[in-house]
Amino acid sequence: MLEPSPKTQSRLVILIVLLHLAIAIPLAYILNIWVDEASTLYATQNGFWTAFQTAAVEQKQAPLYFWILSLWRYIDGSIFFARLFSMVCSVAAIYVFFRLAKRLFKPKAALIITAFLGLHPFLIWASIEMRVYSMVVLLSILLIRLFYDAFWADENASDPKGRIVAKAGFLFVVVVSLYTNYYLGFVIAGLGVSLFVSRKWLGVRTFAVMMLIAGIAFIPMLLVMRAEFAAKTGGFVEERSIVEGLRIIWNHVLSFILPTEVFPGSEQSSASVVRVWLVRALFAFVCIAAVMRRKSITSNTVLLASVAFTAIAFFFAAYYLVGSSYVVIRHASILFAPVVLSVCLLIADITKNWESTRSKTVGFGVALVVLASFCYGTINLFPNLTKRGDWERVGSFIKQNESPDQPIIVFITFEALALRYNYSGVNRILPDERFFEYGPEGKAGSPESLKREIDFVISEIPSESQQIWLALDEKCIATEACIPLQNYIWANYTIEIEKDFFLEKLYLLKKKPQ
């Protein structure tokens with residue numbers, strides 16, 4: 001069958017983008033913000049200079065995204081407009097991904113794989129997050145594309161001036177990536193490993209020099225990064241195991257290859273069980289076929305597999321260094337494009353000489369499974385059409401039922417940021433400081449895990465107020481972490497109103513007579 005013409009290819013890429021936006025834009029408009037997005041608003045609400053001074057210290061992560069968003073919000077300060085920046089990054093990621101895929105696959109296959117990435121529930125989720133993740137996906141693709149042009153493409157078939165421009169562009173994107181998300185360094189390391197694996201020694205030397213230059217450019221961030229690392233590792237150290245680390249990463253890879261619930265609940269759904277066995281069967285087939293047809297493995301597959309495996313190895317090391325809370329799926333956005341590309345390249349290599357009829361039959365079956373997976377995964381991104389905490393409904397409920405002098409106490413402290421942007425009533429929200437100060441002090445979910453933070457929140461409750469609102473997050477609902485706070489509350493207050501929201505519980509409490 002003939003490959004689509006360049007004009008048809010462009011139209012189909014535009015169609016993929018439009019479908020992506022048709023899903024993302026309505027969700028970005030109607031969904032409430034959750035606490036991570038509230039922290040982004042907090043970091044960028046006072047303009048660029050404040051964000052420049054405080055973003056890295058308060059957010060405890062690379063600051064460039066916050067600097068850019070603080071400038072973006074000068075145009076329009078709304079939540080929807082802030083989310084539009086993520087959509088711009090996702091659209092750019094789809095376009096750059098297609099340009100890269102055309103270097104690695106035939107045009108028809110490149111379009112199919114671009115549709116896979118562009119309509120994937122994870123990228124749709126990233127597009128409606130007022131966070132760095134869609135920008136991370138874009139930068140990971142840019143790194144691979146520019147590296148390919150600078151170091152990997154056939155020297156005899158490429159323009160020497162073009163390679164110099166690609167190397168300069170690659171170096172620039174490396175520096176931008178490190179200032180955007182430290183984990184992007186894992187992708188950069190993987191690119192370097194691919195040169196070693198392929199014995200491109202001249203490329204290794206050039207790459208090393210470029211990384212030295214990038215390291216010099218990154219020096220201003222080293223002290224900040226050291227302080228951030230100390231803050232993330234200076235408290236309670238949770239027990240870690242090889243099995244748990246591998247389980248976390250395996251679940252992320254599963255979601256990238258065949259998504260069901262991108263953010264699964266405590267119990268595994270039937271769809272997830274089916275998905276696990278389908279992907280296991282796929283992996284078994286691919287591994288056996290790769291061994292049997294190892295001579296068919298191309299250098300492009302070696303490149304992407306090196307990036308994916310190296311990034312996964314460093315991600316596993318991050319689990320041991322900073323704990324499981326810093327290797328959840330949103331942090332694995334660095335792995336999204338490398339995993340998708342490496343798996344697709346390997347499948348393309350081992351099925352290269354399949355007869356046309358069998359290829360069409362298998363392709364049709366795979367397309368149906370992927371379509372069902374994407375529909376299910378997208379619908380289950382926000383099953384209640386709300387983000388965790390349900391803060392818009394919490395704020396609305398309080399406003400409809402409140403009276404003056406009923407301060408609103410939020411626990412955990414960090415969550416108080418989210419209510420600030422979803423409540424416009426007459427009462428004060430407490431705590432109103434130390435949002436980024438506290439971390440785990442004991443085993444997750446145990447009564448000792450949040451003791452200092454609980455003591456602080458109790459000290460913030462105004463003693464003269466006869467009634468207070470209390471909002472408790474999922475740690476208090478599903479674990480024993482808030483028992484010291486609950487003991488204090490039940491000893492001093494009676495319940496007037498109790499209301500459940502999505503991963504949030506709200507009370508109106510009346511002070512007991514002394």
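In the model, Thr180 has no side-chain atom that pairs as donor or acceptor with a side-chain atom of Ser177 under 3.5 Å. Looking only at atom types and distance, the side chain of Glu402 has a donor-acceptor partner in the side chain of Asn427 under 3.5 Å away. At a cut-off of 3.5 Å, with distance as the only test, no side-chain donor of Thr386 or Glu392 sits close to an acceptor on the other residue. A donor-acceptor contact under 3.5 angstrom links the side chains of Gln400 and Ser396, judged on distance only. For the residue pair Tyr421/Gln45, the side-chain donor-acceptor check at 3.5 Å is satisfied.
Phe186 has its ring centre less than 6.0 Å from the ring centre of Tyr183. Phe315 has its ring centre no less than 6.0 Å from the ring centre of Tyr319. Between Trp125 and Tyr133, the ring center distance clears the sub-6.0 Å criterion. For Trp250 and Phe283, the gap between ring centers is short of 6.0 Å. Separation of the Phe414 and Phe435 ring centroids does not fall under the 6.0 Å cut-off.
Val410 is listed as a side-chain neighbour of Ile408, based on a closest heavy-atom distance under 4.5 Å. Residues Tyr507 and Lys499 have side chains not in contact (no heavy-atom distance under 4.5 Å, counting atoms from C-beta outward). Within the 4.5 Å cutoff, the side chain of Phe170 has heavy atoms near those of the Leu191 side chain. Side-chain contact between Arg420 and Tyr42 is present, with heavy atoms from C-beta onward closer than 4.5 Å. Tyr65 places none of its side-chain heavy atoms less than 4.5 Å from the side chain of Tyr179. Between Asp473 and Leu503 there is no side-chain heavy-atom pair separated by less than 4.5 Å. Residues Ile334 and Leu139 fail the side-chain proximity criterion, which asks for heavy atoms closer than 4.5 Å. Between Tyr423 and Phe397 the shortest side-chain heavy-atom distance does not fall below 4.5 Å.
The two residues Asp500 and Lys505 have their closest heavy-atom pair at OD1-CE, 3.1 Å. Of all heavy-atom pairs spanning Asn181 and Ala62, the tightest one is N-CB, 3.7 Å. Of all heavy-atom pairs between Gly47 and Tyr74, the closest is CA-OH, 3.4 Å. The two residues Ile128 and Ala24 make their nearest non-hydrogen contact at CG2-O, 3.1 Å. For the residue pair Met87 and Ile25, the shortest heavy atom distance occurs at SD-CG1, 3.6 Å. Between Ser86 and Ser127, the shortest heavy-atom distance links the atoms CB-O, 3.4 Å.
In this structure a side-chain-to-backbone donor-acceptor pair under 3.5 Å is present from Thr54 to Thr50. Thr378 places no side-chain N or O within 3.5 Å of a backbone atom of Cys375 that could act as its donor or acceptor partner. Proximity of a side-chain donor or acceptor of Thr310 to a complementary backbone N or O of Val307 within less than 3.5 Å is not detected. The backbone N or O of Leu111 lies less than 3.5 Å from no partner atom in the side chain of Gln9, so there is not a single donor-acceptor pair. Trp72 places a side-chain N or O within donor-acceptor distance of the main-chain N or O of Phe81, the cut-off being under 3.5 Å. Here the side chain of His120 pairs no donor or acceptor atom with the backbone of Phe374 at under 3.5 angstrom.
Tyr182 and Phe218 have perpendicular rings, their planes meeting at more than 60° on a 0 to 90° scale where under 30° would count as parallel.
Put simply, the residue from Ile412, Thr413, Leu485 that forms a side-chain contact (heavy atoms from CB on, under 4.5 Å) with Ile454 is Leu485. For the salt bridge (Lys or Arg N to Asp or Glu O under 4.0 Å) test with Glu37, the passing option among Lys387, Arg131, Arg330 is Lys387; the others fail.
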Before giving the answer on side-chain contact (heavy atoms from CB on, under 4.5 Å), spell out for Leu64 and Ile68 the whole-Å C-alpha distance, their side-chain angles and the decisive distance to 0.1 Å. CA-CA 6 Å; Leu64 184 60; Ile68 294 172; 3.9 Å; yes
Can you list the steps and then say if His252 with Phe336 is a ring-ring contact (aromatic ring centres under 6.0 Å, His included)? CA-CA 9 Å; His252 298 342; Phe336 180 45; over 10 Å; no
From CA spacing to verdict: side-chain contact (heavy atoms from CB on, under 4.5 Å), Phe147, Trp152: CA-CA 7 Å; Phe147 176 88; Trp152 209 261; 3.8 Å; yes
Do Arg73 and Leu41 pass the side-chain contact (heavy atoms from CB on, under 4.5 Å) test, and can you show the C-alpha distance, the side-chain angles, and the key distance before you say yes or no? CA-CA 9 Å; Arg73 296 187 69 203; Leu41 291 174; 3.5 Å; yes
Leu104 and Tyr148: side-chain contact (heavy atoms from CB on, under 4.5 Å), yes or no, with the steps? CA-CA 10 Å; Leu104 305 172; Tyr148 186 90; 3.7 Å; yes
Report the C-alpha separation of Glu244 and Ser324 in whole Å, then their side-chain angles, then the decisive distance to 0.1 Å, and conclude whether the side-chain hydrogen bond (donor to acceptor under 3.5 Å, both in side chains) test is met. CA-CA 9 Å; Glu244 177 63 13; Ser324 58; 5.9 Å; no
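Heavy-atom contacts from other residues, nucleotides or ligands closer than 6.0 Å to CG of Leu222 number more than 12. More than 12 heavy atoms of other residues, nucleotides or ligands shown are found within 6.0 angstrom of CZ on Arg434. For Lys102, the NZ atom counts as densely surrounded, since its 6.0 Å shell holds more than 12 non-hydrogen atoms of other residues, nucleotides or ligands. Summarising the local packing, CZ of Phe172 is surrounded by 12 or fewer heavy atoms from other residues, nucleotides or ligands at distances under 6.0 Å. Within 6.0 Å of the CZ atom in Phe48, the count of heavy atoms belonging to other residues, nucleotides or ligands exceeds 12. No more than 12 heavy atoms of other residues, nucleotides or ligands sit less than 6.0 Å from atom CZ of Phe309. By the neighbour-count criterion of 12 heavy atoms within 6.0 Å, atom CZ of Phe85 is densely surrounded, having more than that number from other residues, nucleotides or ligands. Taking a 6.0 Å sphere around CZ of Phe80, one finds it holds more than 12 heavy atoms contributed by other residues, nucleotides or ligands.
Once rounded to the nearest 0.5 Å, the distance linking CD1 of Ile113 with NZ of Lys108 reads 12.5 Å. Separation of atoms CG (Leu470) and CD1 (Ile461) is listed at 7.0 Å; rounding is to 0.5 Å. Atoms OG1 and CD1, from Thr40 and Ile33 in turn, are 9.0 Å apart once rounded to the nearest 0.5 Å. One distance of note links CG of Leu119 with NE2 of His20; it measures 8.5 Å at 0.5 Å rounding. Here the CZ-CH2 distance, from Phe382 to Trp34, works out to 10.0 Å after rounding to the nearest 0.5 Å. With rounding to the nearest 0.5 Å, the separation of CG in Leu450 from OH in Tyr438 is 11.0 Å.
Salt-bridge annotation for Asp149 and Arg103: present, with a side-chain N of the basic residue lying under 4.0 Å from a carboxylate O of the acidic one. Using a cut-off of 4.0 Å between Lys/Arg side-chain N and Asp/Glu carboxylate O, Glu129 and Arg83 are scored as not salt-bridged.
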